[in-house]
Amino acid sequence: MTASRRASLAYFAGTWALLASFRAHAPVHLDTARDLLIARDCALGGACAGAGPRSSFAGLVQGTTWSRLLELREHLGWDLAAIERVADLLVACAAALVPLVARRLGAPTNALTWALWLPATLLTIGYPRLWNPTPWPLALVLTFLALLHGARTGGAAALIAAAAALALAVDIHVAAGVLVPFGVFAAAATARRPGLVLSAAGAVFVGVLAASSPGAFAENRAILAPHAAAGSAGLALALAAGLAARRWSAEAGPRRARIIAVLACLHYLVVLPLLALICGHGLDPRYFAPVVTPAALVVSLGLSPRFSSRLQLALAGLVVAGHVGLWAAQRAFDPQFRLVEAEAIARELYGRGLAFGDLYRHVRGPRAFDLVSTLAALEPPDGRAGGQETRDLLIVRAERAALADPLPSDWRVVALDDTHAAVIVALAPTLELTRFEVCGATDDCTEIAVDVARFAQGPAMRWAARAHAGLADLPRRFAGADTAHYHVRRRVTDPVPRIVLFPDDCRRWQLAAVQPDLVALTVTPGPRCRWWLPPVAEIDVRDLALSSLVAAAGGNSPP
């Protein structure tokens, strides 16, 4: 067995063992629920658009690679834990290819390279979340494996394969498209027959995108059409630069591949911030995933001679310790529901005959929208109708040892693991959250009617619509506002329930006024204020056990 094969086996085994043994379970998240719902549309023969979710990156639409994997889960009947294992396997497979990429550069494949590549990869895909960037590392490593091999040899087959791999990477996440001009430059600079390679690679790139995600391809083409002149000019500039660079790149070999790797990093680190500045878009860590592999190899190439074997092993040990620490911290301190835990909650709720229409508007608790969106993707597709539940359902993740003893008879406790449980408490609401007013800063008020009928199962329903179950386009309406004001009517009761607010992505929900027949709230709009129902619960002040549970879950109310 060659040294590179031994390194590949070691990278694969080490990565797989670490991720599989210490899996920090994915939290419930709106993006994950959205992807599960898109996959369900296709799996059940519904409105399968041949496209993934819309990205915040210039409004472009993601491809279907990730949602097709989730669709396979639906067909095979896998649980959500299986998707986590598949995600870990994909990262381990990507790690196994890193030594092969390093061989094209003449770079070392030692503990330092692994210690640089793995944490940067996990950070940029948002580990442990399961979402569109999850399978990205494998496609990106394949892209650079082919591209750098082509740059080293000038071979047409490798450069055309790089175009296919890059198309797959763009299908997974459109941010990889930033590499397209550089791919043109690299092919023009290093290919023995640049005209043939560029023509074939362009056809393969477009063909893979159109065939894999026809809906996304058509919509993105329409979005980019007004910018065709600017895009063509950029590609022409990349082509001209590549042809001009053929003088210094005439000699094939690892040195040329190293230069291409360094230039790939510089290109991405310059062009991406410029695009973000032009579009007014933030730079999330995931947008840097496309250059993790060449950057890790270039840095390792420069630092390895200065780092002893012991120091390199120590750094790899720190990466292992950090991952284990993340796993331990999540288990000990992170109160969020995990994706795998949502299945147990779904079995309990849907086993009682409830439908998603009963849960939307009624689920209460910390980050309730992430949970209820996930539950939307787990509803049995049996045509059930909502309307049976009129109470609010407070759902809280708690340590089993901290629960009241004896438990109140009306609490339902769902075991999640050895130490945690989901507590479900039915509450009699007084707030009229089926109809209320939302006002802007100038007191331009809109009456909102919460419509759950549009989420009912039917022959023409779109499951994916449940992921963004907002209210009358309020997020768009108040996108530029400083504050939105809610006026919610309530029934007068004795005693009056205490209003409790839970944390969510808006982070600035506040009680402005509490009257016997009216509750006024304010919220500061923001890009992650996805659900525009207030994250409230109503607590009987005489119920000490429930008050303690709510306080432990982060609920708060004014003095």
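Side-chain atoms are counted along with the backbone in the values below, which use heavy atoms only and exclude waters and symmetry mates. Numbers here are sequence positions counted from 1.
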Evaluate Ser21 against Trp327 for side chain to side chain donor-acceptor pair (under 3.5 Å), listing each step before the verdict. CA-CA 10 Å; Ser21 301; Trp327 168 81; over 6 Å; no

Would you say the side chains of Gln336 and Gln330 form a donor-acceptor pair under 3.5 Å? no

4.5 Å side-chain heavy-atom contact, Pro254 and Arg152: yes

Closest heavy-atom pair and its distance - Tyr360, Val372: N-CG2, 4.0 Å

What's the separation between atom CD in Gln62 and atom CG in Asn220, rounded to the nearest 0.5 Å? 8.5 Å

From His173 NE2 over to Ile125 CD1, what is the distance, rounded to the nearest 0.5 angstrom? 12.0 Å

Treating Asp358 as the side-chain partner and Leu354 as the backbone partner, does any N or O pair qualify as donor plus acceptor under 3.5 Å? no

State whether a side-chain donor-acceptor pair under 3.5 Å links Ser300 with Trp117. no

Checking His25 against Glu84: is there a side-chain donor and acceptor pair closer than 3.5 Å? yes

Atom of Ala276, atom of Leu283 and distance for their closest heavy-atom approach: CB-CD2, 3.5 Å

Just grab all the salt bridge (charged side-chain N to carboxylate O under 4.0 Å, His left out) pairs involving residues 37-64, residues at least two apart or on different chains. Arg40-Glu74, Arg54-Glu219

Would you say the ring centroid of His323 lies under 6.0 angstrom from that of Tyr127? yes

Taking all atoms of both residues into account, what is the closest heavy-atom pair of Gly177 and Val170, and its distance? N-CG2, 3.6 Å

So, taking the atom named CG in Leu145 and the one named CZ in Arg103, what distance separates them when rounded to the nearest 0.5 Å? 10.5 Å

Side chain proximity check, Pro108 to Leu301, heavy atoms < 4.5 angstrom: yes

Taking atom CZ as the centre, does Arg331 end up with more than 12 heavy-atom neighbours from other residues, nucleotides or ligands that are less than 6.0 angstrom away? no

Quick one, Leu349 and Ile395 - any side-chain contact, counting heavy atoms below 4.5 Å? yes

Nearest heavy-atom contact between Ala176 and Pro290 is CA-CG, 4.1 Å

Would you be so kind as to tabulate the donor-acceptor pairs closer than 3.5 Å made by side chains of residues 221-245, with sequence neighbours excluded?
from: Ser232; atom 1: OG; to: Ala228; atom 2: O; distance (Å): 2.9

With a 4.0 Å cut-off, would you call Arg85 and Asp88 a salt bridge? no

I need the Arg129 CZ to Arg286 CZ distance, nearest 0.5 Å. 7.0 Å

Side-chain heavy-atom pair Leu375, Val28 within 4.5 angstrom cut-off: no

Do Leu90 and Leu69 have side-chain heavy atoms sitting under 4.5 Å apart? yes

Pairwise distance CZ(Arg384) to OH(Tyr350) - rounded to 0.5 angstrom: 8.0 Å

Under a 3.5 Å threshold, yes or no: a donor from one side chain and an acceptor from the other, between Ser213 and Asp171? yes

Please check this pair: side chain of Thr121 against backbone of Pro137, looking for a donor-acceptor N/O pair closer than 3.5 Å. no

Given side-chain contact (heavy atoms from CB on, under 4.5 Å), test Ser55 with Val61 step by step and report yes or no. CA-CA 6 Å; Ser55 76; Val61 179; over 6 Å; no

Is there a donor-acceptor pair closer than 3.5 Å between any side-chain N or O of Thr32 and the backbone N or O of Leu130? yes

Evaluate the side-chain contact (heavy atoms from CB on, under 4.5 Å) criterion for residues Ile38 and Trp463: first the C-alpha distance (whole Å), next the side-chain angles of each, then the deciding distance (0.1 Å), finally the verdict. CA-CA 7 Å; Ile38 290 172; Trp463 293 81; over 6 Å; no

Only distances under 3.5 Å count here; give the side-chain donor-acceptor pairs of residues 179-202 to other protein atoms, sequence neighbours excluded, each with its distance to 0.1 Å.
from: Thr190; atom 1: OG1; to: Ala186; atom 2: O; distance (Å): 2.7
from: Arg192; atom 1: NH1; to: Thr153; atom 2: O; distance (Å): 2.6
from: Ser199; atom 1: OG; to: Gly195; atom 2: O; distance (Å): 2.9

Answer whether the closest heavy-atom distance between the side chains of Leu147 and Arg104 falls below 4.5 Å. no

In Å and rounded to the nearest 0.5 Å, what is the CG to OG distance from Leu36 to Ser373? 10.5 Å

Side chain Asn132, main chain Pro53, donor-acceptor under 3.5 Å: no

Any Trp78 side-chain heavy atom under 4.5 Å of Val86 side chain: yes

Step by step, work out the side-chain contact (heavy atoms from CB on, under 4.5 Å) result for Ile83 and Leu70. CA-CA 8 Å; Ile83 292 297; Leu70 298 179; 3.9 Å; yes

Consider side-chain contact (heavy atoms from CB on, under 4.5 Å). Of Leu97, Leu89, Val91, which one does Phe12 pass it with? Leu89

Is the side chain of Glu71 donor-acceptor paired with the backbone N or O of Arg68 at a distance under 3.5 Å, no angle test? no

Just so I know, are the side chains of Gln457 and Asp382 near enough to count as touching, which here means a heavy-atom distance under 4.5 Å? yes

Closer than 3.5 angstrom, by distance alone: can the side chain of Asp35 be matched with the main-chain N or O of Trp131 as a donor-acceptor pair? no

Going by atom types only, do Thr134 and Trp66 share a side-chain donor-acceptor pair under 3.5 Å? no

Looking at every non-hydrogen atom in both residues, tell me the closest pair between Pro27 and Pro128 and how far apart they are. CD-CG, 4.2 Å

Should Leu168 and Thr143 be marked as a side-chain contact (heavy atoms from CB on, under 4.5 Å) after you check the CA-CA gap, both sets of side-chain angles, and the distance that decides it? CA-CA 9 Å; Leu168 177 62; Thr143 298; over 6 Å; no

Taking every non-hydrogen atom, the tightest pair across Phe337 and Ala422: CE2-CB, 3.8 Å

Any donor and acceptor pair, going by atom type alone, linking the side chain of Ser8 with main-chain N or O of Ala96 inside 3.5 Å? yes

Asp79 side chain to Ala82 backbone, donor-acceptor under 3.5 Å: yes

Can a donor-acceptor pair be found, under 3.5 Å and without considering hydrogens, that links the side chain of Trp136 to the backbone of Ala169? yes

